[in-house]
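Since the structure comes first, as structure tokens, the remarks are kept for the end.
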Amino acid sequence: MIRGVDHIGIAVPSIAEGRKLYEAMGLHVEAIEEVPEEGVRVAFIPLGPPGGPRIELLEPTSPESPIGKFLAKRGPGIHHVCLASDALDGDDAALRAAGIQLLRPAPTRGAGGSRVQFVHPKSAGGVLFELAEPGESGRAEGEPAP
Ligand code: CO
């Protein structure tokens, strides 16, 4: 089941530049992690108390990566909205049964040991939705290991 908004993903050419806005608002980068499978480096910025929604800044590590192509085509901006799932395999199956188009044949690894799936924008009013199930850290993505 979906349990809330985990994060909003924003594509930026540079995390070093992009983070300045949030730091000027008194927010802090909690973790930066590279996800080689996605050709991306991500920075998570909590918007409030632990467990609440976060901003995810996405910086491409190569122009051929999905985020690199997104930036080239559309420029910086909102890339996806991530919903927290407490049972990703069940949500994956329920969406397929409802005829919703998913991007991947099965959930894959995300940042922080999470598992993720994506809903195709064609099935979601033009919005790319990520569904994320927390990793062993108990947090969907990006929380530093203790
Ligand atoms: Co994300």
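Ligands are counted one by one from 1 in listed order, and the atoms in each one are counted from 1 as well.
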Pairs of donor and acceptor atoms involving the side chains of residues 70-77, under 3.5 Å and at least two apart or interchain, shall be tabulated with distances.
none

Is the backbone of Leu88 close enough, under 3.5 Å, to the side chain of Glu133 for a donor and an acceptor to pair up by distance?
yes
Counting backbone and side chain alike, does Cys82 bring an N/O/S atom below 2.8 Å of the Co ion (ligand 1)?
no
Please confirm if an N, O or S atom belonging to Glu56, backbone or side chain, lies less than 2.8 Å from the Co ion (ligand 1).
yes
For Glu130, what is the atom name of its N, O or S atom nearest to the Co ion (ligand 1)?
OE1
Does the ring center of His7 lie less than 6.0 Å from the ring center of Phe44?
yes
N, O or S from His80 under 2.8 Å to the Co ion (ligand 1):
yes
Can you sort out the partners of Thr61 under side chain to side chain donor-acceptor pair (under 3.5 Å), two or more places apart, ordered by chain and number?
none
